[in-house]
There are 4 protein chains.
Amino acid sequence: MKALVFRGPGQKALEDKPEPRLEQPSDAIVKITKTTICGTDLHILKGDVPEVKPGTTLGHEGVGVVEAVGDGVSNFRPGDPVLISCISACGKCEFCRRQMYSHCATGGWILGHLIDGTQAEKVRIPHADTSLYHLPKDADEEALVMLSDILPTGFECGVLNGKVKPGQTVAIVGAGPVGLAALMTAQFYAPARLIVVDLDDNRLAVAKKFGATDIVNSRGGDAVDQLMALTGQRGVDVSIEAVGVPATFAICEAIVGAGGTIANVGVHGTKVDLHLEKLWAHNITLTTGLVDTYTTPMLLSTVESKRLEPGKLVTHRFKLDQIVDAYATFGDAARSQALKVIVAAG
Amino acid sequence: MKALVFRGPGQKALEDKPEPRLEQPSDAIVKITKTTICGTDLHILKGDVPEVKPGTTLGHEGVGVVEAVGDGVSNFRPGDPVLISCISACGKCEFCRRQMYSHCATGGWILGHLIDGTQAEKVRIPHADTSLYHLPKDADEEALVMLSDILPTGFECGVLNGKVKPGQTVAIVGAGPVGLAALMTAQFYAPARLIVVDLDDNRLAVAKKFGATDIVNSRGGDAVDQLMALTGQRGVDVSIEAVGVPATFAICEAIVGAGGTIANVGVHGTKVDLHLEKLWAHNITLTTGLVDTYTTPMLLSTVESKRLEPGKLVTHRFKLDQIVDAYATFGDAARSQALKVIVAAG
Amino acid sequence: MKALVFRGPGQKALEDKPEPRLEQPSDAIVKITKTTICGTDLHILKGDVPEVKPGTTLGHEGVGVVEAVGDGVSNFRPGDPVLISCISACGKCEFCRRQMYSHCATGGWILGHLIDGTQAEKVRIPHADTSLYHLPKDADEEALVMLSDILPTGFECGVLNGKVKPGQTVAIVGAGPVGLAALMTAQFYAPARLIVVDLDDNRLAVAKKFGATDIVNSRGGDAVDQLMALTGQRGVDVSIEAVGVPATFAICEAIVGAGGTIANVGVHGTKVDLHLEKLWAHNITLTTGLVDTYTTPMLLSTVESKRLEPGKLVTHRFKLDQIVDAYATFGDAARSQALKVIVAAG
Amino acid sequence: MKALVFRGPGQKALEDKPEPRLEQPSDAIVKITKTTICGTDLHILKGDVPEVKPGTTLGHEGVGVVEAVGDGVSNFRPGDPVLISCISACGKCEFCRRQMYSHCATGGWILGHLIDGTQAEKVRIPHADTSLYHLPKDADEEALVMLSDILPTGFECGVLNGKVKPGQTVAIVGAGPVGLAALMTAQFYAPARLIVVDLDDNRLAVAKKFGATDIVNSRGGDAVDQLMALTGQRGVDVSIEAVGVPATFAICEAIVGAGGTIANVGVHGTKVDLHLEKLWAHNITLTTGLVDTYTTPMLLSTVESKRLEPGKLVTHRFKLDQIVDAYATFGDAARSQALKVIVAAG
C-alpha cells in the first residue's frame with residue numbers, strides 16, 4: 001500500500017509499504033478514507049521530534065472504515081465507518097482511569113510518532129475500542145477529520161482548561177488551525193468578547209469570519225497595549241496561548257487580568273519567563289496540557305446538532321497520490337492561505 | 001405618587017401614596033422608568049402569599065434612575081440609571097458571603113412582598129450598593145427589565161443548577177416567561193437538543209422561534225412517551241421544571257436519564273412524589289432554588305455583547321396609568337398571548 | 001467447588017458446583033481468599049430482587065488470588081493478589097467513559113446478581129482489567145474486603161455526592177455498615193460535626209467510637225427536633241440517608257438547612273414524599289447513586305497510609321463451610337451486634 | 001497610645017501616637033488584645049515594599065475588642081470580641097462579589113501597609129462588617145491570631161488552590177509559618193503523604209510533629225532527587241511553594257507529576273523560569289494568589305471543633321512594650337527557633 005514515510009530530517013516520500021496486520025487482540029485495521037496534515041508533522045520533518053524513527057508513516061488524524069478487528073474488540077466490526085483519535089487509550093491504566101488519555105501507559109500520542117500513522121491507505125489502531133469513534137449517519141467526513149486532533153486540542157487545552165464562561169473576555173493568541181479551533185469552541189460558552197491576535201492579516205480575517213469580536217495584529221510589537229486598551233486596562237479573563245514561543249506566551253502573561261486564566265495550548269521548545277514578581281498576587285491560574293480527547297463524544301454531538309461546523313477549516317483538497325504537494329501547500333500557509341488540507345485516500 | 005397597591009385577595013388599585021424616603025444609610029430612592037408584572041404578583045393577588053399585607057405596593061422588577069442615596073451608599077449617586085434586582089442583599093451576612101443572596105438575613109425577596117415594591121413612580125431600595133446595578137450605556141431599558149428577575153431565575157435555577165453542557169439534551173417543561181428565560185440562557189452552553197414542553201401551542205411556537213430544537217405539547221398526556229421517543233429511550237441529560245405543579249414535576253422525573261439532573265425552577269404549593277424506588281440507582285441530581293441574582297453582572301455582559309436578547313420576551317406595553325389593564329392582559333395570557341408586559345412609569 | 005447458592009426466596013445452600021471457566025478474552029478466574037455478606041444478599045434471599053435466578057452463587061465482595069486470565073487481560077496475571085470490585089466495568093462504553101461504571105452496558109452490579117458471585121471458592125470476573133485492583137503489599141485482607149462495596153458506597157454516594165467540606169455539620173441517618181463507611185470517610189474532609197442517627201444504641205455507640213461527634217436515637221420519634229436543637233435550628237449542611245425507607249428520608253429532608261445537600265445512599269423499595277412546597281426556595285441539592293467504585297484507587301491509597309482503617313468494621317469471622325451460620329449472625333445483627341462478617345474461603 | 005511605627009528602611013520604633021478615630025460610616029475602632037509579626041513586616045522593614053510610608057503603624061494581624069462603630073456598621077457593636085482579617089473587604093465591588101477580597105477596590109491588604117495597622121493599642125478597621133469576625137465563645141485568643149493571615153494564606157493559596165484530595169501525595173516546599181499552616185490545613189483532606197522540604201532541621205522536626213509523613217532537607221542540593229525517589233519517580237500530585245525564591249519554585253516545578261498542581265504561596269521579588277518545553281505536555285495547573293480570607297468562617301469552625309489547633313504555631317510571647325524584642329526574636333528564627341510570636345497589647 002501507499003504511505004507517506006519519514007526518512008529523517010527534511011526527508012519524506014510516498015512509498016509502497018506492506019499493509020498493517022493485527023498484532024494485539026485489541027487492535028483494529030482501518031482503511032483510511034480521508035486524512036490531513038498537522039503542524040506537528042512539519043515539526044517532525046524539521047527533526048524536532050527525535051523519537052520518530054526513519055521509516056515511520058506519518059499522520060495521526062483521519063476517518064476511515066474498519067477492515068478487521070482483534071478478538072478483544074467489542075465496540076467495532078468490519079465495515080464500520082470510524083473517526084480515528086490522535087490519542088490511543090487503553091482505557092485500563094491509571095491515567096486512562098483519570099481520563100488523562102494522553103498519558104496512557106501503552107498509548108497516548110503514538111500514531112505517526114512511535115508507530116505507523118494515518119497518511120497511508122491503511123493503519124493499525126491499537127486499543128481500538130477506546131481510540132476509535134463511530135461516525136454519525138450522513139456525516140461530513142471532511143469536517144470530522146478535524147475532530148481527530150485540532151478541535152479537541154483547542155477545546156480541551158484552550159477553552160475548557162481556560163474555563164471560558166458566558167459574558168467573559170477571552171483572548172486567543174495565534175490564529176492557526178488550533179487557535180481557530182479554540183475560537184470556534186469558545187463560542188459554546190457565549191463569551192462577550194473574543195479577541196484574536198496573530199501576525200497574519202489573512203488569518204485574522206478568517207478569525208473575524210469565524211466569530212472573533214476583535215482582532216489584533218501583533219506585528220507592530222504593541223499587541224499588549226492594544227489588548228489592554230480594548231479591555232479598558234483590566235486585562236482579559238482568559239488568555240489562550242496557541243503558538244508555542246516565548247513572545248506569544250509573554251503576551252498572554254501580560255494581558256491576563258486578576259483572577260484570570262492562562263491556558264497554554266502551544267507546543268514549546270524552550271523555557272519561558274514567568275513573572276511571579278507580578279503574578280504571585282494576581283490570583284492567576286495557568287494550565288498546560290496535551291489533548292486527552294475525552295471530549296470527542298461531546299464534540300461529535302455538537303457537530304451532529306450543527307452547533308459546530310469544523311468543515312470551515314478545510315481550505316485545500318488533495319488525493320493521497322498528491323500528498324507531497326499537500327505538504328508543500330500546508331507548509332507554505334502564509335502564501336497559500338491554507339488552514340487545513342484534506343488528503344483523500346479512499 | 002401613583003402606586004399599584006394590594007388590597008387583600010382579589011383586590012388591587014392604582015392609588016396615590018406618599019413618596020418613599022431614605023430610612024437606612026444603605027438605602028436608595030429610585031424613580032422608576034419601566035417595570036413589569038410577574039407571575040408571582042398574580043399569586044399574591046390570589047391570596048397565595050399571605051405574608052403580603054394589604055397596603056403594600058406590588059412589583060419587584062424594574063429599571064429607573066437614582067434620586068437619592070443614604071450616607072452608606074458608595075456605588076451609586078443621584079442621576080445614575082440603574083437596574084433593580086428582585087433580590088435585596090446586604091452583602092455582609094453569612095448567606096450573602098456564600099452568594100446565597102436570596103437568603104440574606106435582612107434582604108432576599110422583600111420588594112413588593114414585605115416592603116413596598118416597584119409598580120409605582122418611586123421605590124425605596126434597601127442595601128442599594130449590592131441590590132442595584134449600573135445600566136450599560138445605550139441600554140435597551142425594556143430588555144433590561146427582564147434582568148430583574150426572570151432571566152437570572154431561568155439561568156441560575158434552571159441552566160446553571162442543571163449544569164447544561166455542550167452537546168447535551170435538555171428538556172424544559174413549561175414555556176412561560178421563566179421557562180423561556182431558561183431556553184434563552186441554556187443556549188449559552190450549546191446543548192445539542194433543547195426540547196420544550198407546554199400545553200399552549202402559541203407558547204410552543206414562540207419557544208421554537210427562541211431556539212427550541214423540538215417542541216412537545218403535553219395536552220394529550222403522552223409527553224413522557226414523546227420525550228422518550230425523541231431521545232431514543234435514553235432520557236434527557238437535564239430536565240428543567242418551570243411550572244410548579246406535581247404533574248410537570250412528574251414529567252421531569254420520568255424523563256431524566258441516568259446521571260442526569262432535574263433542576264426545579266417552579267414555585268410549588270404542594271408536595272410531590274419522588275420515585276426513589278427507581279431513581280436511587282440512577283445517579284440523579286435534583287436541585288431547588290430561589291434566584292440569588294449572583295449572575296446579574298454576567299447577564300448584563302451577555303446583553304451588552306448581544307449574546308442575549310431578552311427584549312424578545314416583551315409582547316405588550318402600557319403606561320403606569322393603565323397598569324390595571326396590564327394586569328388583565330398578563331393574567332389572561334392564554335388569550336392575549338402575553339409573555340411579559342412593560343409598564344412605563346417615567 | 002463449594003458455593004453458597006440461591007435456591008429461591010428464603011432458600012440458600014452451600015453446594016458443590018463446577019468451577020468457573022474463562023468465557024471471554026477479558027475474563028479472569030479468581031480464587032477467593034476472603035469474602036463477606038452484604039445487606040443486599042439478605043434482600044435477594046427475601047425475594048426482593050427478582051432478577052436473581054435460582055442456582056446463582058451469591059456475593060459481590062471479596063479478595064483473592066488470580067488463577068487464570070483471558071488473552072485480552074493485560075493488568076493482571078496468575079498469582080496476583082487482588083481486590084474484587086462489586087461493580088464490573090468494561091471501561092469502553094459511554095457510561096464507563098463518564099466513570100459511571102455502575103451503568104456499564106455489559107457490567108455494573110452483576111456478580112451474585114446476574115452471574116455467579118464471590119461466596120464460593122472461585123469466581124469468574126468479567127472485564128478483569130477494569131474490575132480488579134492489585135492489593136498493596138502487606139495488605140490486611142480483611143480490611144480490604146470492605147473496599148469491594150461498602151466503603152466506596154458510603155464515600156461516593158454519601159460523602160462525595162454530599163460534598164462534605166471542612167467545618168461543616170453533617171448528619172448520617174443510619175448506622176449500619178454503609179452508614180458507618182460514610183462516617184469513616186466523611187472524616188477525610190474534617191467536618192466540624194458528624195451527627196449519627198439510628199434506632200440501635202449499640203450501633204450508635206460504635207458510631208461514637210468511629211468518630212461521630214453527636215449521636216441521636218430516633219426511636220422516640222423526635223429525631224428531627226433533636227437534630228434541629230443540636231444545630232441551633234439551622235439544620236445541617238449535608239444529610240446522608242443510609243437506610244432506604246420513607247421515614248429516614250423524611251428525617252433527612254426535614255433537617256437539611258438552606259443551601260444544603262441530601263445525599264441518598266439507601267436502597268429504596270417505594271416512593272417518598274418530597275416537600276417541594278418548602279424546599280423549592282431552599283437551594284437544596286438531592287443526589288442519588290449506585291456506587292461506581294471510581295474511588296477505589298483513592299481508597300486503597302488512604303488504607304495504605306492508615307488514614308482509613310476499614311478493618312474496624314469486622315465483628316465476626318467464619319470459614320466458608322460455616323457460611324450458613326455467618327448469614328444467621330449477620331441477619332440477626334440487632335442481637336449479634338454484627339457489622340461485617342468475614343468468610344474465609346482460602 | 002503606643003504603636004510600632006515604620007520610620008523608613010531599617011528603622012522602626014515604639015512610639016506614642018494619637019488614637020484612631022472613625023472616618024467612614026463603615027469603620028470600626030478595635031482595641032487590640034493580641035497581635036503578631038509577619039514575615040511581610042520584615043520585608044517592609046528591609047525596604048522591599050516601597051508603598052509603605054514612614055510613619056505608618058505596622059501589623060495586619062490580631063484579635064481585640066470593638067470600641068466604636070460607624071453608622072453603617074450592623075454586624076458588630078462596642079464590646080464585641082473580634083478577629084481582624086488581614087484583608088479589608090468592602091463587600092460591594094466587583095472583586096468582592098467574586099470573593100476575591102484581596103483585590104477589593106477600596107480594601108485588600110491595606111492594614112499596616114497603606115493605613116495604620118494592628119501593632120498598636122488600637123486600630124481603625126475600614127469596612128468593618130466584612131473585615132471582622134466574631135470570636136467563638138471561650139476562644140483561645142492566641143490561636144485565633146493565627147487566623148488573621150497565615151492560616152487562610154496556607155489554606156487558600158496552598159491547599160485549596162492545590163486541590164489537595166484524599167490519598168494524594170503533597171509536597172510543601174518551605175516550613176516557615178505559612179508552610180506549616182498549609183501543612184496543618186492540608187490534613188483536612190486526608191492526603192496519603194505530606195512531604196515537607198526545608199533547609200532548617202528544627203523546622204523540619206516541627207513539621208514532622210505537625211503531621212508531615214516525610215521530611216527532606218534541601219541543603220545538599222538534591223531535594224528533587226530525594227522527592228522523586230520518595231514518590232517512585234512519579235512526582236507529587238500537589239507541590240506547594242511557600243518560600244518565594246526561584247530555587248524553591250524550581251523544586252516545585254521539577255517534582256510535580258503529570259496531571260498535578262503547583263500552588264504558589266510565596267511572595268516573589270523576581271521572575272522565575274517556567275520550563276514549558278517540558279511542562280506543556282504534562283497537564284499541569286499552576287496557581288498564584290494573595291489570600292482572600294474567604295475561608296475565615298470555615299477555619300473558625302474547624303478551630304471550634306478542634307480539627308485545627310493553630311495555637312501550636314506560637315513559640316514566644318511578649319508584651320507590646322517589648323515588641324522591639326519580639327521583632328528581634330522573630331527576625332532571627334534560625335537561632336531563636338521562633339515560628340510565631342504573640343504580642344499582648346491588652
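Lettering follows sequence order; numbering is per chain, from 1. Below, each value reflects all heavy atoms present in this structure, side chains not excepted, and no hydrogens, waters or symmetry copies. Predicted, not measured: the structure shown is a model, and the values here were computed from it.
- A salt bridge does not link A/Lys312 with A/Glu142: every distance from a Lys NZ or Arg NE/NH1/NH2 to an Asp or Glu carboxylate oxygen is 4.0 Å or more.
- Aromatic ring centres of A/Phe188 and B/Phe188: separated by at least 6.0 Å.
- For B/Asn217, the side chain to side chain donor-acceptor pair (under 3.5 Å) partners at least two apart in sequence or on another chain are B/Asp201.
- Closest approach of B/Pro136 and B/Leu144 over heavy atoms only: CD-CD1, 3.9 Å.
- Of the two parts of B/Thr213, only the side chain, counted from C-beta on, holds a non-hydrogen atom closer than 4.5 Å to a non-hydrogen atom of chain A.
- Heavy atoms closer than 4.5 Å to chain B are found nowhere in A/Leu160, neither backbone nor side chain.
- Ranked by heavy-atom pairs shorter than 4.5 Å toward chain A, the options B/Ser305, B/Pro166, B/Gly167 are led by B/Pro166.
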